[in-house]
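The structure under discussion appears below in the form of structure tokens.
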Amino acid sequence: MVGRVMPQNGCVTADAPRPPLSPQTVVVKAGRPPHEPDQPLNHPLVMASTYVAGGDREYGRYANPTWGAFEEAVGELEGGRAISFASGMAAVSTLLDLVTPGETVVAARHCYQGTLVQLSSLEQRGLVKVVLVDIDDTEQVIAALGDDVALLWVESPTNPALEVADIPALCEAAHAAGVRVVVDNTFATPLLQRPLESGADVVVHSGTKYIAGHSDAVIGLVVTADDEIYRAVDEKRRTMGALPGTLEAWLALRGLRTLHLRVERAQANAAELVRRLAEHPAVDRVRYPGFGGILAIEIAGGADRADAVSGHTRLWVHATSLGGVESSLERRRRWKSESPSIPEGLLRLSVGIEDVDDLWSDLSQALDHAVLG
Ligand SMILES: *Cc1c(COP(=O)(O)O)cnc(C)c1O
């Protein structure tokens, strides 16, 4: 057991079979300094704009040991090498900047609204063509993979429609058509879904959400097992300069240490709330993919009634973003950039790790209020 957890400390001979660590262990173990006398257990926060010449780091825009530790941990979890960014959108924009002008991107109609805005601005400037598809309709997606398509942009589950894509089938069809696949894995986290293992070329994360997990840091990641893509993305980060803050990387790595506990609890709470919400007369429809801590409810009566719900919770915070320890909710169409096919009365719920009965009693009194008017 010791050898399993500490392969680098010499307890295990090089040729002894070494079963891979469970992801539950990797979140705790990966990205640590070596087990040597006087080494700290955690990577310190290294504030540096430059390094003594002659090594690999050279300059603060190219590398930082604190980002390095965070990237090592997330890379190990996803089964690739990670590059961290200033935000999830910095990661998304950097990837989209790698598409050759004139090529087509096929993307999930209900992917994150920031991604949609970025795609449409690239399209308006004539840089890419964009085809939007229902990502849970595998045949429709595959039919869209024509000759000029360079990239398939998958998000699963989608934000906030919560559609689930058949990632292995899409990757197989895309690769047969010579199309690269990116999966935004923000909602599922690498504990519930590892797209690189299902054939995806690249994973992108808003680390702001579950990975950092405490609503106190904005950060993003690209992860890939393809050396050529890794080099291209790293080069883009160096030149575009959308670097993560060092403190943010440190906070996100600290948050990552409890990812499995937070996701397990949020998921258990979400599943229980889904059962209770389905019975409530104010709720027309509950959307839940069957895993994870995000769900959406459609409120009978549309925008005004849904606003009444988000305006009457005390424990649930009315706020955008998701994946924090605290439960929050938001009517997504309050954003003009949200897809018009998202219902006006849809509330996205990010279920936290509080006591589920407390969460229900607060939510149900707000829903009662919406019914009674
Ligand atoms: C929040 C989010 C993003 C953008 O990430 P930021 O860290 O806010 O820039 C991208 N994709 C999904 C699915 C998200 O939820």
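Just follow the structure's listing: the first ligand is 1, and inside any ligand the first atom is 1. Throughout, numbering of the chain's residues begins at 1 and tracks the sequence.
Sorted by first and then second residue, the salt bridge (charged side-chain N to carboxylate O under 4.0 Å, His left out) pairs with a member in residues 308-319 form an empty list; sequence neighbours excluded. Residues in residues 146-159 take part in these salt bridge (charged side-chain N to carboxylate O under 4.0 Å, His left out) pairs, two or more places apart or across chains: Lys129-Asp148.
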Polar pairs, ligand 1 vs protein, N/O only, below 3.5 Å.
from     : atom 1 : to     : atom 2 : distance (Å)
ligand 1 : 5 (O)  : Ser206 : OG     : 3.0
ligand 1 : 7 (O)  : Gly88  : N      : 2.9
ligand 1 : 7 (O)  : Ser206 : OG     : 2.8
ligand 1 : 7 (O)  : Thr208 : OG1    : 2.6
ligand 1 : 9 (O)  : Gly88  : N      : 3.1
ligand 1 : 9 (O)  : Met89  : N      : 2.8
ligand 1 : 11 (N) : Asp184 : OD2    : 2.7
ligand 1 : 15 (O) : Asn159 : ND2    : 3.1
ligand 1 : 15 (O) : Lys209 : NZ     : 2.8

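Remark: Thr189 engages no residue in a side-chain hydrogen bond (donor to acceptor under 3.5 Å, both in side chains) (not counting sequence neighbours).
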#### Entry: Candidate pair Gln113 and Ser339, rule side-chain hydrogen bond (donor to acceptor under 3.5 Å, both in side chains), full reasoning
CA-CA 7 Å; Gln113 51 89 24; Ser339 169; over 6 Å; no
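In this structure, Val223 is not a member of the same hydrophobic cluster as Val182, with clusters built from ILVMFWY side-chain heavy atoms closer than 4.5 Å.
The pair Asp226-Arg180 counts as a salt bridge, with a side-chain nitrogen and a carboxylate oxygen less than 4.0 angstrom apart.
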